[in-house]
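What follows is a single structure, written as structure tokens, with notes after it.
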Amino acid sequence: MEFEPRDQFEQRQKKLEQIQALGHEAFPREFRWTESPAELLKDYAAVQGPELEANRKEVRVAGRIVSYRLMGKAGFAHLQGGGKRIQIYVKKDVVGEKGFQLFHLLDLGDHIGVRGHLFRTRTGELTIWVDELFFLAKALLPLPEKWHGLADIELRYRQRYLDLIVSEKSREVYQTRARIIRELRQFFDGRGYIEVETPMMHPIAGGATARPFITHHNTLDIDLYLRIAPELYLKRLTVGGFDRVYEINRNFRNEGISTQHNPEFTMLEFYQAYSNYRDLMDLNEQLFAQLAQSITGSTVVRYGEHELDFGKFTRLTMREAIVQYWPSGAGAAPALGELAAPGGAQRAAERYNVWAKANHAEYAAAKGHLSDGEWTGRLFETIAEDKLIQPTILYDFPTDISPLSKQKPEDPALAERFEIFAAGMEIANGFSELNDPAEQERRFAAQIAHGGDEAPKQLDVDYLRALCHGMPPTAGEGIGIDRLTMLLTDSHSIRDVILFPLLRPEAKPEDQAAAEGEKE
RNA sequence: AGGGGCGUAGCUCAGUGGUAGAGCAGCGGCCUUUUAAGCCGAAGGUCGUGGGUUCGAUCCCCACCGCCCCUACCA
């Protein structure tokens with residue numbers, strides 16, 4: 001197999017043969033190193049040249065060649081490792097005829113090891129004075145341009161490895177992502193939670209309203225759904241006596257792709273017995289403040305033009321948010337009581353839509369008949385959702401759109417549910433878990449009767465049976481890790497925090513020709 | 001799915017209705033402390049794909065492919 005650019009591919013292959021002819025293995029098996037380039041730069045940042053000469057520091061270092069300057073009988077290069085670059089200096093009369101021949105045959109992108117000692121050049125750069133070169137692996141294809149890097153966004157996603165080699169910023173995003181997940185584990189482990197892994201292939205897609213992916217198991221000859229949420233399995237575990245349980249893993253939803261949506265995304269879900277949704281709200285305030293502090297060094301986090309303060313959350317009910325963000329041109333905002341009255345949310349939506357039409361704003365549109373709660377949710381999404389820039393806990397959701405939440409005792413039309421918004425994005429969703437099996441069965445049945453792609457097709461009888469064995473009063477929550485990472489790394493597309501986001505497969509030229517003339 | 005934008009050398013980008021340009025990378029030469037090393041020389045392209053208009057299309061028109069942004073669905 002050969003790849004573009006073919007001339008360079010062949011050129012480098014020839015060099016590899018010449019390197020072998022010098023007596024080097026083409027693909028050696030190991031190199032014992034003493035420090036990484038990143039470690040050396042960090043540890044010797046303050047050590048000056050004379051001191052390096054007085055106390056000679058012998059090193060063995062491996063890395064990828066990312067710059068190369070040959071000047072007759074000597075040359076410089078930079079070795080990249082651990083995301084950082086250290087310079088090496090190779091002199092013909094030090095490494096010898098054969099060593100220098102090897103240096104000649106190296107290309108940008110090759111992996112090498114060096115043995116030598118540290119010094120500083122005239123300009124003061126920490127550099128390895130190379131006594132011996134080791135060939136470690138050949139790059140048969142060239143690196144992206146050294147100055148501008150990989151500007152083509154598509155290539156950054158498709159060939160993430162190149163992005164990671166060339167962009168320290170990109171590398172840092174994924175390191176931060178790993179730190180966030182580590183912090184989350186620490187946070188929950190420290191509070192007596194147990195981490196579990198529940199199935200990702202479900203016979204019934206449940207735990208959320210979303211369109212699932214379908215797959216097939218050959219031996220059992222059954223269709224399975226890639227999970228849209230782990231919720232119903234985690235709650236079975238609270239029935240089983242894991243009073244505090246969490247899972248960090250992928251969900252799959254067969255829906256749109258955007259800067260905020262990838263078909264597979266990572267979710268933290270956790271459940272805490274003997275607690276309600278208010279307990280979780282308090283827990284979240286601690287969690288987000290602590291995370292922001294440890295990840296970014298401050299509870300105030302810059303996100304684009306905004307400064308998000310995770311040290312203080314606003315709390316709003318859904319109806320309060322509608323009233324608060326009601327556009328001033330659309331007449332008087334509805335009163336809270338009006339929104340709560342039967343038909344009130346729909347009347348408010350109709351009033352809003354008159355204004356929206358005249359002002360080319362987004363409508364609170366409805367397909368078919370909506371219940372009061374659905375209208376309230378729709379109105380919130382249209383009017384308020386993208387205005388919630390500062391971290392906000394939105395609570396008191398309509399029961400109609402919360403099929404797995406407990407109702408408020410004083411108002412069964414409202415559920416003990418909240419969501420967390422920041423930068424206009426939903427990043428978490430939590431509630432007091434419905435543990436009354438009869439009520440849960442009614443809600444499931446209503447969902448199935450409601451129909452649509454996103455509703456379950458089948459009653460999850462096993463889950464209802466689990467509830468019948470008694471689930472303790474429990475509060476549970478899901479946090480979107482990808483979006484959380486976006487917030488804490490100032491990334492504005494979910495594809496910038498997912499290493500390999502889903503893209504359409506590259507079309508081969510033949511396929512493109514075959515697609516000619518075909519129409520949708 | 002609808003609207004807008006983009007696609008030119010391996011990479012980063014100019015450009016024009018009349019045979020295609022630069023920098024970096026690569027190739028040959030000079031150069032033993034360089035820093036986006038420098039100097040000299042040569043090479044590299046179905047201008048995303050396919051049609052159309054035209055004497056002539058990389059450029060204008062249409063369709064298709066891919067990516068980005070917005071809207072819709074959604075977390």
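Computed from heavy atoms alone, side chains included, the values below leave out hydrogens, waters and symmetry copies. Throughout, a chain's letter reflects where its sequence line sits, starting with A, and its residues are numbered from 1.
Side-chain atoms of Leu503(A) lie closest to rC68(B) of the nucleotides rU34(B), rC68(B), rG26(B). With rA75(B), rC69(B), rU33(B) as the choices, the nucleotide that has an atom nearest any side-chain atom of Trp129(A) turns out to be rU33(B). When distances are taken from the side chain of Arg253(A) to each of rU34(B), rA75(B), rU35(B), the shortest belongs to rA75(B). With rU32(B), rC69(B), rA72(B) as the choices, the nucleotide that has an atom nearest any side-chain atom of Ser258(A) turns out to be rA72(B). For Arg12(A), counting side-chain heavy atoms from C-beta on, the closest listed nucleotide (rG26(B), rC68(B), rU32(B)) is rG26(B).
Tyr157(A) comes within contact range of the sugar-phosphate backbone alone, with a heavy-atom separation under 4.0 Å but no base atom that close. Across all strands, Asp482(A) comes closer than 4.0 Å to no nucleic acid atom at all (heavy-atom distances). Within the nucleic acid shown, Asn254(A) has no heavy atom closer than 4.0 Å to any nucleic acid atom. Using a 4.0 Å heavy-atom cutoff across all strands shown, Glu454(A) reaches sugar-phosphate atoms only and no base atom. At the heavy-atom level, Thr259(A) lies under 4.0 Å from the strands shown only through sugar-phosphate atoms. Counting non-hydrogen atoms under 4.0 angstrom, Gly480(A) reaches nothing in the nucleic acid.
Between the side chains of Arg227(A) and Thr198(A), at least one donor N or O lies within less than 3.5 Å of an accepting N or O. Side-chain contact annotation: Thr121(A) with Gln87(A), donor-acceptor N/O pair under 3.5 Å absent.
Side-chain nitrogen and oxygen atoms of Arg158(A) include at least one within less than 4.0 Å of the OP1 or OP2 phosphate oxygen of rC67(B). Within the structure, every side-chain polar atom (N or O) of Lys15(A) is placed at least 4.0 Å from both OP1 and OP2 of rG26(B). For the pair Arg495(A) and rC68(B), the criterion of a side-chain N or O lying under 4.0 Å from OP1 or OP2 is met.
Distance CD1 (Ile153(A)) to P (rG66(B)): 18 Å, rounded to an integer number of Å. Rounded to whole angstrom, the span from the CD1 atom of Ile257(A) across to the P atom of rC69(B) amounts to 11 Å. Between the CD atom of Glu154(A) and the P atom of rC65(B) there is a distance of 14 Å, given to the nearest Å. For the pair Leu70(A) CG and rA25(B) P, the interatomic distance rounds to 13 Å; values are reported in whole Å. Phe500(A) has its CZ atom 17 Å from the P atom of rC67(B), to the nearest Å. Per the geometry, CZ belonging to Arg156(A) stands 20 Å off P belonging to rC6(B), to the nearest Å. Between the CD atom of Glu255(A) and the P atom of rA1(B) there is a distance of 15 Å, given to the nearest Å. Nucleotide rC24(B) holds its P atom 21 Å from the CG atom of Leu162(A), rounded to whole Å.
Taking the six-membered ring for Trp and thresholds of 30 and 60 degrees, Phe119(A) and Trp129(A) have ring planes more than 60 degrees apart, a perpendicular arrangement. Ring geometry, His202(A) versus Tyr233(A): the interplanar angle falls from 30° to 60°, so the pair is classed tilted.
Along RNA chain B, the nucleotide nearest Ser493(A) and the nucleotide nearest Phe265(A) are compared for position; the residue whose nucleotide lies closer to the 5' end is Ser493(A).
Side-chain to base pairing of Thr127(A) with rU33(B): no donor and acceptor N or O lie closer than 3.5 Å to each other. The base of rU34(B) is paired with the side chain of Gln87(A) by a donor and an acceptor separated by under 3.5 Å. You'll find a donor-acceptor pair under 3.5 Å spanning the side chain of Arg69(A) and the base of rU34(B), going by distance alone.
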Please evaluate residues Met425(A) and Leu487(A) with respect to the criterion side-chain contact (heavy atoms from CB on, under 4.5 Å), reporting the C-alpha separation (whole Å), side-chain torsions for both, the decisive distance (0.1 Å), and the verdict. CA-CA 9 Å; Met425(A) 285 192 292; Leu487(A) 292 177; 3.7 Å; yes

Side chain to side chain donor-acceptor pair (under 3.5 Å) between Thr266(A) and Arg177(A), worked out: CA-CA 11 Å; Thr266(A) 301; Arg177(A) 184 180 172 121; 3.3 Å; yes

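Distance noted for atom P between rC40(B) and rC24(B): 11 Å (whole Å). For the P atoms, the distance from rA20(B) to rG2(B) is 37 Å, rounded to whole Å. Comparing the same atom, C1', in rA37(B) and in rG66(B) gives a spacing of 39 Å after rounding to whole Å. On the C1' atoms, rU53(B) is 10 Å away from rA57(B), given to the nearest whole Å. Of the P atoms belonging to rG48(B) and rU16(B), the separation is 15 Å, rounded to the nearest Å. For the C1' atoms, the distance from rC60(B) to rG17(B) is 8 Å, rounded to whole Å. Across rG51(B) and rU46(B), the matching C1' atoms stand 15 Å from one another, rounded to whole Å. Nucleotides rU19(B) and rC59(B) are separated by 15 Å at their C1' atoms, to the nearest Å.
Taking the six-membered ring where the residue is Trp, the centroids of Phe421(A) and Phe380(A) are separated by under 6.0 Å.
With both pairing distances under 3.5 Å, rG18(B) is matched to rC55(B) as a Watson-Crick or G-U wobble pair. The partner of rG38(B) is rC30(B), judged by Watson-Crick or G-U wobble contacts that both fall below 3.5 Å. Nucleotide rC24(B) has rG10(B) as its partner under the Watson-Crick or G-U criteria, with both atom distances under 3.5 Å. When Watson-Crick and G-U wobble pairs are counted only if both distances are under 3.5 Å, rA63(B) pairs with rU49(B).
Judged by centroid separation below 5.5 Å and plane tilt below 30°, Phe76(A) does not stack onto the base of rA37(B).
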Atom pairs, N/O to N/O, protein against nucleotides 8-10 of chain B, distance under 3.5 Å?
none

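Using a 4.0 Å cut-off between charged nitrogen and carboxylate oxygen, Lys406(A) and Glu416(A) do not count as a salt-bridge pair. Under 4.0 Å is where a charged nitrogen must lie from a carboxylate oxygen, and between Glu125(A) and Arg120(A) no such pair does. Salt-bridge check for Arg315(A) with Glu285(A): passed, with a basic side-chain N closer than 4.0 Å to an acidic carboxylate O.
With sequence neighbours excluded, the residues forming a side chain to side chain contact (heavy atoms under 4.5 Å, CB included) with Arg56(A) are Glu58(A), His117(A), listed by chain and number.
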